Amino acid sequence: MGCESNSRNATPPKPAIAPGAESIRARNVAANFEIDPRIPALIPGFDAPFFQAGLAGYSDAAMRIIARRLGCPYCVTEALLDRTLLAGGRGFAKADLGELHDNVPGGREDHPLCGQIMGSDPDEMAAGARKMIERNISDDDPHAGFQTIDVNLACPVKKIKSKARGGHWLRDPEGAIDILRAVRDAVPADVPTTLKIRRSWDDTPDAERNFMRIFDAAYEIGYAWATVHCRSVQQKYVGPSRWHVLRDVLATRRDRVVFGSGDIWNAEDIFRMIEYTGVSAVSVARGCIGNPWIFRQARQLMAGEEPTTPTITEQRDVLLEHFQLSAAVNGEHKASFLMRKFGIRFAEHHPDSETVRRGFIAVKSIADWRAVLDAHYTGEAAETRDSALAMQR
Ligand SMILES: Cc1cc2nc3c(=O)[nH]c(=O)nc-3n(C[C@H](O)[C@H](O)[C@H](O)COP(=O)(O)O)c2cc1C
């Protein structure tokens, strides 16, 4: 379970972006782009206008480290319920949202890292946020904990015991603001707080007003930035992300650091969204599941270079690395289960994707994983394809 439940949202729909955005020359935008200096000033190392989103069930330390090795400058954990945090992970993990260990920082390589929190009660949210920050204090390594705390007012998963949380707060702006204030007050002044929010509850004018009320309040209270997912809560993950809504919001709030989310399927989409909406950075979500190379390609676009497709050999290396990292984080048994869903998405890059996909689905151990890699990612066919790709480069 997680923010994605109720539908098979990890599967990309057809790209459906804002009218007119298709004609933006994303490569020109990328090659001339300069990061808003306020972002690296606040989070050293956050040096490019994209990051890996929180993705419940996926974005654990293993996925984050793979993304970082391929150029992702900043990652967000999946939403962790304040009560899960306060209970030390007991009692809620299976029945509810994010699991505690998926949100454990992955050490020196896993920073800068943003810990995301979600909940129903301002005091519990404040206590949860403090608990997250305690990890920073108890560790000798200044890079080991969370550099930012993100409040989730976006998750569409149904309320439990009729308590608002996530995106449901968009129907109660004053309650949402109490949560934002409580978390900001609880977190030390030198730790930035940020917000993840949907563009509105639904398409009514009242819902739009509620969004604006919460959005403006967040900046007044001292939130560093908001990431706006341009779908309504009612849309869940279906239908186009309405980039024009964000463009209209930014037209009257140009001085703010705002990030965008929704319908980022390839590296060019990042720069299309930036140009179309005016956001300072973009969250990469479903577009990076099984495609961590999107981050390398985005950096190549910024350097004015042709983005490179991963060779079969590169894919093999990353697939093995990801399994090994996942086994270190989750243990081999759980990693085998988790890696199947990544395998399905990684297989899309392989010329014989259906056979490879079936191979990954049957994996029960690292030995099985290696066997799929040996069967499909090495040998003459792989070498021939890699040489063809090398010629194209
Ligand atoms: C499987 C899945 C899990 C998600 N989990 C989270 C989460 O824990 N926290 C969060 O802020 N957003 C979460 N999201 C929302 C994404 O971060 C993102 O806003 C959304 O998918 C829209 O972007 P996209 O259309 O480019 O995928 C999740 C989305 C999916 C598909």
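Fair warning: this is a prediction, and the values are worked out from it, not measured in the lab.
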Checklist entry - Between Asp206 and Arg171, is the closest basic N to carboxylate O distance under 4.0 Å? => result no

Next on the checklist: Rounded to the nearest 0.5 Å, what separates atom OG in Ser241 from atom CZ in Arg231?
Outcome noted: 5.0 Å

Checklist entry - Given side chains that start at C-beta, do those of Arg296 and Thr308 come closer than 4.5 Å, heavy atoms only? => result yes

Item to check | Main-chain N/O of Val356 paired to His350 side chain as donor or acceptor, under 3.5 Å | outcome: no

Checklist entry - Any Lys/Arg nitrogen of Glu134 or Arg130 sitting under 4.0 Å from an Asp/Glu carboxylate oxygen of the other? => result no

Item to check | ILVMFWY cluster, Met212 and Leu246 together (side-chain gap under 4.5 Å) | outcome: yes

Checklist entry - How are the rings of Phe271 and Phe33 set relative to one another: parallel (under 30°), tilted (30 to 60°) or perpendicular (over 60°)? => result perpendicular

Next on the checklist: With heavy-atom distances below 4.5 Å as the criterion, would you say the side chains of Met118 and Lys196 are in contact?
Outcome noted: no

Next on the checklist: Tell me whether Lys163 is salt-bridged to Asp121, with the criterion being a basic N under 4.0 Å from an acidic carboxylate O.
Outcome noted: no

Checklist entry - Any Lys/Arg nitrogen of Arg213 or Glu174 sitting under 4.0 Å from an Asp/Glu carboxylate oxygen of the other? => result yes

Checklist entry - Under 4.0 Å between a Lys/Arg side-chain N and an Asp/Glu carboxylate O for Glu124 and Lys131? => result no

Item to check | Gap between atom CG of Leu250 and atom OG of Ser280 - 0.5 Å precision | outcome: 7.5 Å

Item to check | Charged N-O contact under 4.0 Å between Arg242 and Asp203 | outcome: yes

Checklist entry - Got a salt bridge between Asp110 and Arg64, using NZ or NE/NH1/NH2 to carboxylate O under 4.0 Å? => result yes

Next on the checklist: Taking Asp36 first and then Arg256, would you say they form a salt bridge - that is, a charged N and a carboxylate O separated by under 4.0 Å?
Outcome noted: no

Checklist entry - Do Arg68 side-chain atoms and Gly71 backbone N/O form a donor-acceptor pair below 3.5 Å? => result no

Checklist entry - Is the backbone N or O of Cys155 less than 3.5 Å from a side-chain atom of Arg198, with the two atoms forming a donor-acceptor pair by type? => result no

Checklist entry - OH of Tyr276 to CH2 of Trp243: how many Å apart, nearest 0.5 Å? => result 9.0 Å

Next on the checklist: Let me check something: do Ile24 and Val245 share a hydrophobic cluster, defined by ILVMFWY side-chain heavy atoms less than 4.5 Å apart, either directly or through other members?
Outcome noted: no

Checklist entry - Would you call His168 and Trp201 a side-chain contact if the rule is heavy atoms closer than 4.5 Å? => result yes

Checklist entry - Are the side chains of Leu301 and Arg27 in touch, meaning some heavy atoms are under 4.5 Å apart? => result yes

Checklist entry - When rounded to the nearest 0.5 angstrom, what distance separates CZ in Phe50 from CD1 in Ile35? => result 8.5 Å

Checklist entry - With a 4.5 Å limit on heavy-atom distance, are the side chains of Met63 and Cys288 in contact? => result yes

Next on the checklist: Same cluster or not: Tyr58 versus Ile344, using hydrophobic residues (I, L, V, M, F, W, Y) connected whenever any side-chain heavy atoms lie under 4.5 Å apart?
Outcome noted: no

Next on the checklist: Applying a strict under-4.5 Å side-chain criterion to I, L, V, M, F, W and Y, I'd like to know whether Phe342 and Leu325 cluster together.
Outcome noted: yes

Checklist outcome for this item: The reported gap from CG in Asn152 to CG in Leu80 (rounded to nearest 0.5 angstrom) is 11.0 Å

Checklist entry - Within a strict 4.5 Å, meaning less than it, do heavy atoms of the Val228 and Val249 side chains meet? => result no

Item to check | Aromatic plane relationship, Phe46 with Tyr74 - under 30° parallel, 30 to 60° tilted, over 60° perpendicular | outcome: parallel

Checklist entry - Mind checking whether Phe51 and Phe259 have parallel, tilted or perpendicular rings, split at 30° and 60°? => result tilted

Checklist entry - Is a donor on one side and an acceptor on the other found under 3.5 Å between the side chain of Asn210 and the backbone of Leu170? => result yes

Checklist entry - Hey, what do you get for CG (Leu180) to CG (Leu153), rounding to the nearest 0.5 Å? => result 5.5 Å

Next on the checklist: Pair Asp368, Ser336 - check side chain to side chain contact (heavy atoms under 4.5 Å, CB included), show working.
Outcome noted: CA-CA 9 Å; Asp368 292 348; Ser336 308; over 6 Å; no

